[in-house]
Amino acid sequence: MEKYVIHGGSALTGEVSVSGAKNAAVAILPATILAGGKCVIENLPSISDVYTSVHILREMGAEIRMLDRSTVEIDTTHITTEVVPEELSRQMRASYYFLGALLGRFREASVAMPGGCDLGPRPIDQHLKAFTSIGAVDSMEKGMIQVSAPKLTGSHVFFDTVSVGATINAMLASVMAEGTTVLENVAKEPHIVDVANFLNTLGADVRGAGTDVIKIRGAASMHGGNYTIIPDQIEAGSYMAAATITGGDVLVKNIIPKHLEPITAKLERAGASIEEFDEAVRITRSGPLQATNIKTMPHPGFPTDMQPMMTVLLSLAQGTSIITEGIWENRFRYVDELLRMGANIQVDGRVAVVEGVGELQGAPVRASDLRAGCALVIAALSANGVTEVEEVSHIERGYESIVEKFANLGADIHRGGKPSSTLQPAF
Ligand code: EPU
């Protein structure tokens with residue numbers, strides 16, 4: 001199995017360019033189904049979740065052409081089925097977006113109950129609530145979720161909980177419903193706005209994305225279009241955290257600074273100096289790391305996907321930090337690995353109490369999920385000695401060329417073990 005071998009201790013310096021946003025890409029790719037025509041998607045990250053999404057589209061009859069490393073042309077005119085191949089859909093959580101997109105275009109869809117990171121229970125009741133509100137019925141058979149509707153009719157949906165996935169899926173399903181759909185208590189993450197902008201490029205009429213209420217006037221038909229995906233705020237935040245913890249000097253490029261505000265504010269509290277440019281930020285640190293408290297919340301709160309990286313950072317800060325996970329029930333599993341590296345962290349349910357220690361020690365560790373894996377890499381970069389991070393396929397679901405990007409910043413990091421097959425593009 002492939003692993004990363006990291007000799008810690010170097011301060012990161014130089015420039016790193018952030019790739020397109022994973023959580024936008026994995027929604028925009030299924031959304032091309034709604035076009036029923038040709039779409040050109042730019043700034044697509046080279047990560048295994050994107051390869052899987054493209055592979056699914058191709059298996060379903062879409063014509064795919066890579067125009068360059070980060071640009072794909074997808075023609076969904078001749079999609080021949082509304083069933084997503086089971087094996088592929090199990091490989092990633094975001095395959096649930098095929099439900100909304102297929103329902104929107106063909107009025108029926110069948111997708112395997114999704115896999116992905118294990119962060120505790122991950123129900124999709126709010127997705128189904130939106131589908132049924134606009135006229136669909138759902139059923140579950142042999143692990144496959146089926147939704148179908150003779151007709152989709154605009155409706156009023158009030159979500160019981162703020163959900164990124166349910167908000168996006170509701171938009172996908174209702175852009176071609178008859179009449180107007182109003183979605184309330186929706187998620188406001190930058191990738192929600194990105195998906196809405198993409199749908200509008202295809203002829204949809206989606207308004208209010210980025211606020212608590214989204215209004216969608218159903219379009220009779222949609223068409224192809226060209227679109228550039230926004231930069232990945234969590235990838236950017238990960239490099240910012242790595243620069244801060246190693247006391248480096250890094251310019252993080254190809255970003256939208258506004259999307260990073262919750263992350264920037266906490267990094268500054270922890271001791272980073274952050275200089276903002278139009279499409280970049282420069283991170284340095286002069287003093288020691290300082291403890292601070294964090295509670296993860298839906299956007300514009302502090303993002304749960306940055307929580308593991310911040311825990312690592314605060315494990316080397318002066319004082320005690322309290323980290324409360326407000327989104328997922330089980331997102332501290334990586335803490336056991338950090339303890340093996342010398343961190344002093346106590347977890348009780350959704351709360352972690354982090355007592356800063358003077359240093360971390362290299363150790364063999366295992367990535368339990370995508371962000372936990374990145375957090376362990378960051379811990380390793382700041383630790384004394386050698387760390388081997390195993391199960392890196394989790395990391396490569398969401399971070400493009402992470403080894404190369406850190407190596408370019410002066411980190412002593414290389415791949416070891418047997419290469420993982422998930423790294424191969426499937427198109
Ligand atoms: N929830 C429900 N019912 C639903 C949907 C969600 O109760 O029908 C609950 C969840 O159990 C959770 C909360 O609502 O407690 C928020 O879940 P949400 O639906 O927002 O999460 P998601 O759409 O499944 C996306 C990202 C996650 C990220 C969360 C929160 C994608 C593919 N995944 O998941 O990203 O943590 O939003 O921001 O967009 C990651 O990138 O590492 C990752 C896990």
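Just follow the structure's listing: the first ligand is 1, and inside any ligand the first atom is 1.
Of all the atoms in ligand 1, the ones that sit under 4.0 Å from a non-hydrogen atom of Gly165 are 19 (O), 23 (O). Set against the non-hydrogen atoms of Thr304, the atoms of ligand 1 under 4.0 Å away are 30 (C), 36 (O), 38 (O). Taking every non-hydrogen atom of Ile124 and a distance limit under 4.0 Å, the qualifying atoms of ligand 1 come out as 4 (C), 8 (O). Against a heavy-atom cut-off of under 4.0 Å, Arg331 is close to the following atoms of ligand 1: 36 (O), 42 (O), 44 (C). Near Gln126, the atoms of ligand 1 lying under 4.0 angstrom from a non-hydrogen atom of the residue are 3 (N), 4 (C), 8 (O).
Taking the charged nitrogens against the carboxylate oxygens, Glu404 and Arg415 do have a contact shorter than 4.0 Å, which makes a salt bridge. Under a 4.0 Å N-O distance rule, the pair Asp205/Arg207 qualifies as a salt bridge. Using a cutoff of 4.0 Å between basic side-chain nitrogens and carboxylate oxygens, Arg69 and Glu400 are scored as salt-bridged. Between Glu325 and Arg331 there is no salt bridge, since no side-chain nitrogen of the basic residue lies less than 4.0 Å from a carboxylate oxygen of the acidic one. Ion pairing between a basic and an acidic side chain is recognised when a charged N comes within 4.0 Å of a carboxylate O; Asp369 and Arg333 show no such pairing. The residues Glu178 and Lys151 are annotated as salt-bridged, a charged nitrogen and a carboxylate oxygen being separated by less than 4.0 angstrom. Between Lys258 and Glu261, at least one side-chain nitrogen of the basic residue sits less than 4.0 Å from a carboxylate oxygen of the acidic one, meeting the salt-bridge criterion.
Of the options Ile327, Asp305, Thr167, Ile168, the smallest heavy-atom separation from atom 36 (O) of ligand 1 is shown by Asp305.
With sequence neighbours excluded, no residue satisfies ring pair (Phe, Tyr, Trp, His ring centres under 6.0 Å) with Phe332.
With a 4.0 Å cut-off on non-hydrogen atoms, Thr161 touches ligand 1 through its side chain and not its backbone. Under 4.0 angstrom from ligand 1, the non-hydrogen atoms of Pro123 come from both its backbone and its side chain. The proximity of Asp125 to ligand 1, defined as any non-hydrogen pair under 4.0 Å, involves the side chain as well as the backbone. When heavy-atom distances to ligand 1 are checked against a 4.0 Å cut-off, Tyr96 comes that close only through its side chain, counted from C-beta outward.
For Lys22, the heavy-atom gap to ligand 1 drops under 4.0 angstrom.
Rounding to the nearest 0.5 Å gives a distance of 4.0 Å between OG1 of Thr264 and CE of Met240.
Here's the thing with Ala166: none of its N/O atoms is less than 3.5 angstrom from an N/O atom of ligand 1. Residue-to-ligand polar distances keep His191 apart from ligand 1: every N/O pair is separated by 3.5 Å or more.
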